[in-house]
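Okay, so here's the structure we're looking at.
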Amino acid sequence: MVRSSALKRANLHLRKHRKWPLSPYKAKWHQTLDQQQAKQNVKQSLTTPPTKQQQQIPKQPHILSSLLHSFSIYNCEPPPEAYHFVIKTLAENSQFCDISSVLDHIEKRENFETPEFIFIDLIKTYADAHRFQDSVNLFYKIPKFRCVPSVYSLNALLSVLCRNKEWVKMVPQILLKSQLMNIRIEESSFRILISTLCRINRVGFAIEILNCMINDGFCVDGKTCSWILSSVCEQRDLSSDELLGFVQEMKKLGFCFGMVDYTNVIRSLVKKEKVFDALGILNQMKSDGIKPDIVCYTMVLNGVIVQEDYVKAEELFDELLVLGLVPDVYTYNVYINGLCKQNNVEAGIKMIACMEELGSKPDVITYNTLLQALCKVRELNRLRELVKEMKWKGIVLNLQTYSIMIDGLASKGDIIEACGLLEEALNKGLCTQSSMFDETICGLCQRGLVRKALELLKQMADKDVSPGARVWEALLLSSVSKLDFVNTSFIRLVDQILNTPCKMEG
């Protein structure tokens, strides 16, 4: 009994003095549940037409009125994420005018601090729809939404403006405005500006911004340096000494050159015909512990062969093999070209077998190089054998192949065979320049085969190929002493060609 009375006194004390800290209907979990249900109602309302009550609300989008109505049913306020959902839905349907109404409602009717990510997404969305002015205006208005803009929204705007040639001109104005908005530019902003300047070929300004970064104590990453170096290498008016000087300055900054960076420098030096400077960069790579790849060796090898330093070319080819590099078809083409320039065509032909043994199949460029060399030394029988080999291996003859063979045969006097190749090229639609016809037609006319020349000329007209001046001269001179039938055919053909739209030469 004592125990029972003590329990009653304890319960009485609890009933008098206890206080519930919160109503269960106002707990945070319940509020979250209400917001989720309200948001679900908004999604469902998108598939149903607006009610009469929603239609009576002036200048308010259906989805916004549905949002407000759904949250009012659950006696809760819509969070920023709900408005973000509304904005994304309107953007997907290209209802940009309605987005302005939603933003106006957030600015004037709501009191929450709008998260910055909403504006970042919308800036990008506007830009994707080519509404760059809306992106700029939204960036300026961010503080009105009780949001403190940061470098993230600035970078979002810079990124979209820098993609457009017209709007990139607004970048200086945006940067000045960002200072008034107390936004501090960071390394990420500099990277966006530098990449843009490199892309639009304003390398000088990119270097100035790089210097500003260094002077302001910012860290310069390797990717930014690679952008600038790549753009500097593409400058045609930059001398090799200036390029090498810039390379040394980059190294002083602590920039560690990678394979791509060295490749860009070598390519630029080879184009400027500074082969020995490129060779020095190749050696510098090895000194820095970077093994040059086959692309680097191929570029330097090609430059050395252009300079006709064949001894050095042999040394480079042997060196890349010693390093364990496997030559690709481009490397072999360069090396075979060097052999052909030395009139060592048979050695070049033997290299084809070496290529195939190492799994590198010769292409049409490989054979065209050899065919050109054979024409030079007038080895037409060997040329015919190589052409058969090409066809047997399934290598398609291109315009250059036919041009080489036709010129070689015509110069040797084999006009009939050259004429047959010319007709074959015409049927394949490869002949578009009259220069391929000049030697053959002139040769036919010199041998009195005017009728054959006229037939070839008619095929040219049928393929919309315009004959050159040499062709007309040869036909006119040869037709003077011929039969009236030939003259009549010639006049008719001239009339057909002049009254048929032909392709311009070249």
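Just so it is clear, the structure is predicted and the values come from calculations on it, not from any experiment.
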**Asked** Taking all non-hydrogen atoms of both residues, which atom of Ala127 and which atom of Arg163 are closest, and how far apart?
**Response** CB-NH2, 3.9 Å
**Item:** More than 12 heavy atoms from other groups under 6.0 Å of NZ on Lys251
**Value:** yes
**Message:** Do Ile290 and Met259 have side chains that approach each other closer than 4.5 Å (heavy atoms only, starting at C-beta)?
**Reply:** yes
**Prompt:** Taking Asp261 for the side chain and Gly258 for the main chain, is one N or O donor matched with an acceptor at less than 3.5 Å?
**Reply:** yes
**Asked** If you look at every heavy atom in Lys124 and Ala156, which pair is closest and at what distance?
**Response** CE-CB, 4.2 Å
**Asked** Quick check: are there more than 12 heavy atoms from other residues, nucleotides or ligands sitting under 6.0 Å from CZ of Arg384?
**Response** yes
**Asked** Who are the side-chain contact (heavy atoms from CB on, under 4.5 Å) partners of Asn337, not counting sequence neighbours?
**Response** Ile305, Lys341, Thr369
**Item:** Atom pair CD1 (Ile123) and CG (Asp134), whose distance is rounded to the nearest 0.5 Å
**Value:** 11.0 Å
**Fill in**
Nearest heavy-atom approach of Val345 to Ala373 is CG2-CB, 3.7 Å
**Asked** Under 3.5 Å, is there a donor-acceptor pair between the side chain of Asn211 and the main chain of Ile214?
**Response** no
**Request:** May I ask you to decide if Gly338's main-chain N or O and Gln342's side chain share a donor-acceptor pair within less than 3.5 Å?
**Result:** yes
**OH/Tyr330: more than 12 non-hydrogen atoms of other groups inside 6.0 Å** = no
Give every donor-acceptor pair under 3.5 Å between a side-chain atom in residues 315-324 and any protein atom, sequence neighbours left out.
residue : atom : partner : partner atom : Å
Glu315  : OE1  : Lys312  : NZ           : 3.3
Glu319  : OE2  : Lys286  : NZ           : 2.6
Glu319  : OE2  : Tyr297  : OH           : 2.4

**Prompt:** Do Lys388 and Glu385 meet the salt-bridge criterion of a basic N to acidic O distance under 4.0 Å?
**Reply:** no
**Message:** Ignoring hydrogens, what is the shortest heavy-atom contact between Val275 and Val300? Give both atom names and the distance.
**Reply:** CG1-O, 4.1 Å
**Request:** Tell me, yes or no, whether the heavy-atom count around Lys291 atom NZ, taken from other residues, nucleotides or ligands under 6.0 Å, exceeds 12.
**Result:** yes
**Request:** Would you check if the side chain of Ser230 reaches a backbone N or O of Trp227 as a donor-acceptor pair within less than 3.5 Å?
**Result:** no
**Prompt:** Is any NZ, NE, NH1 or NH2 atom of the basic residue among Glu92 and Lys88 found under 4.0 Å from an Asp or Glu carboxylate oxygen of the other?
**Reply:** no
**Request:** Could you name each residue pair satisfying side-chain hydrogen bond (donor to acceptor under 3.5 Å, both in side chains) that touches residues 268-278, not counting sequence neighbours?
**Result:** none
**Request:** First locate atom CE of Met390, then atom CG of Asp363, and finally report the distance between them rounded to the nearest 0.5 Å.
**Result:** 9.0 Å
**Complete:** Between Ile404 and Asn368 the two heavy atoms that sit nearest each other are CD1-O, 3.5 Å
**Message:** Between Ser360 and Asp328, is there a side-chain donor-acceptor contact under 3.5 Å, judged purely by atom types and distance?
**Reply:** no
**Asked** Can you list the steps and then say if Thr401 with Asn398 is a side-chain hydrogen bond (donor to acceptor under 3.5 Å, both in side chains)?
**Response** CA-CA 5 Å; Thr401 313; Asn398 61 9; 2.7 Å; yes
**Item:** OG1 on Thr224 to CG on Leu210, rounded to 0.5 Å
**Value:** 8.0 Å
**Item:** Gap between atom SG of Cys212 and atom CG of Leu193 - 0.5 Å precision
**Value:** 10.5 Å
**Item:** Value rounded to 0.5 Å, distance of CZ in Phe96 from CG in Leu122
**Value:** 8.5 Å
**Asked** Residues in side-chain hydrogen bond (donor to acceptor under 3.5 Å, both in side chains) with Tyr332, at least two apart?
**Response** none
**Request:** Please check if the side chain of Ser403 supplies one atom and the backbone of Leu399 the other of a donor-acceptor pair under 3.5 Å.
**Result:** no
**Message:** So does Glu166 get a backbone contact from the side chain of Asn164, meaning a donor-acceptor N/O pair under 3.5 Å?
**Reply:** yes
**Request:** Decide yes or no for Ile183 and Phe139: does some side-chain heavy atom of the first lie under 4.5 Å from some side-chain heavy atom of the second?
**Result:** yes
**Message:** Applying ring pair (Phe, Tyr, Trp, His ring centres under 6.0 Å), can you list everything that pairs with Phe117, at least two apart in sequence or on another chain?
**Reply:** His84
**Interatomic spacing from CG in Leu269 to CG in Leu279 - rounded to 0.5 Å** = 11.0 Å
**Heavy-atom closest contact (Pro362 atom, Met355 atom, distance)** = CA-CE, 3.6 Å
**Request:** Run the numbers on Arg191 and Ile209 for side-chain contact (heavy atoms from CB on, under 4.5 Å), then give the verdict.
**Result:** CA-CA 9 Å; Arg191 285 197 294 269; Ile209 291 181; over 6 Å; no
**Item:** Under the ring pair (Phe, Tyr, Trp, His ring centres under 6.0 Å) test, residues paired with Phe255 that sit two or more places apart
**Value:** Phe257
**Prompt:** Is there a side-chain hydrogen bond (donor to acceptor under 3.5 Å, both in side chains) between Asp288 and Tyr262 once you walk through the steps?
**Reply:** CA-CA 11 Å; Asp288 292 344; Tyr262 277 119; 2.2 Å; yes
**Request:** Go through the steps for Cys375 and Asp407 under the test side-chain contact (heavy atoms from CB on, under 4.5 Å), then give the verdict.
**Result:** CA-CA 8 Å; Cys375 286; Asp407 289 344; over 6 Å; no
